[in-house]
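Below: one structure, written as C-alpha cells.
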Amino acid sequence: MKFFYNIVVNNENIAAKLARLKLSADVATATLSDIDAMESARKLYYQETGESQEATQAKDAAFVKIDEWMTDFFDVAQIALEDKPQLLEALGVLVRS
C-alpha cells in the first residue's frame, strides 16, 4: 500500500488519472501519513509487549524467591510457636486442634 500511495504522490501523470476516481495526491499523502502512524503504533506495541513479558518474568522470579523465604519462615515459626498454635494461625498457618 505504501508503495502504491508513494507512486500516486510522486507521479503527476498517474495522480491525474487517479483523480477521476477521487484518489488525489492529497488523499494519497494523508493515507501515507496514516500508514506511518500505524507503523509507529505497531512498533510501540511490540516494544511494550516485550517490556511486559520481561516484567512478568521478573515478577515470577521474585515470587519464587519470596515463596522459598516464606517456606523457611513458616518452618521456623512452627518450631518457635509449637506451644502457642493460635499465634501460628495468626500468621496464616492452619493448625489442627
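The residues of the chain are indexed from 1 along the displayed sequence.
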When rounded to the nearest 0.5 angstrom, what distance separates CD in Q86 from CG in L91?
-> 11.5 Å
Look at atom CD of E48 and say whether more than 12 heavy atoms of other residues, nucleotides or ligands are closer to it than 6.0 Å.
-> yes
Does V64 belong to the same Ile/Leu/Val/Met/Phe/Trp/Tyr cluster as W69, with side-chain heavy atoms less than 4.5 Å apart forming each link?
-> no
Does F63 belong to the same Ile/Leu/Val/Met/Phe/Trp/Tyr cluster as F73, with side-chain heavy atoms less than 4.5 Å apart forming each link?
-> yes
Please round to the nearest 0.5 Å and tell me the distance separating atom CE of M70 and atom CG of D75.
-> 11.0 Å
Just wondering, do V27 and L18 contact through their side chains at under 4.5 Å, heavy atoms?
-> no
Indicate yes or no for a side-chain donor-acceptor contact from N10 to the backbone of N6 under 3.5 Å, with no hydrogens or angles considered.
-> yes
M1 and V9: same hydrophobic cluster, using ILVMFWY side-chain contacts below 4.5 Å?
-> yes
Taking atom CD1 of I66 as the centre, does the number of heavy atoms from other residues, nucleotides or ligands within less than 6.0 Å exceed 12?
-> no
Y5 OH to T31 OG1 distance, which is reported to the nearest 0.5 Å = 4.5 Å
Between OG on residue S33 and CE on residue M38, distance to nearest 0.5 Å | 12.0 Å
E12 atom CD, over 12 foreign heavy atoms within 6.0 Å | no
Pairing residues for K2 by the salt bridge (charged side-chain N to carboxylate O under 4.0 Å, His left out) criterion, not counting sequence neighbours | D36, E39
Residues forming a side-chain hydrogen bond (donor to acceptor under 3.5 Å, both in side chains) with R42, sequence neighbours excluded | Y46
Quick one: CZ on F4 to CD1 on I14, what's the gap to the nearest 0.5 Å?
-> 8.5 Å
Taking side chain as C-beta onward, heavy atoms only, is F74 less than 4.5 Å from L88?
-> no
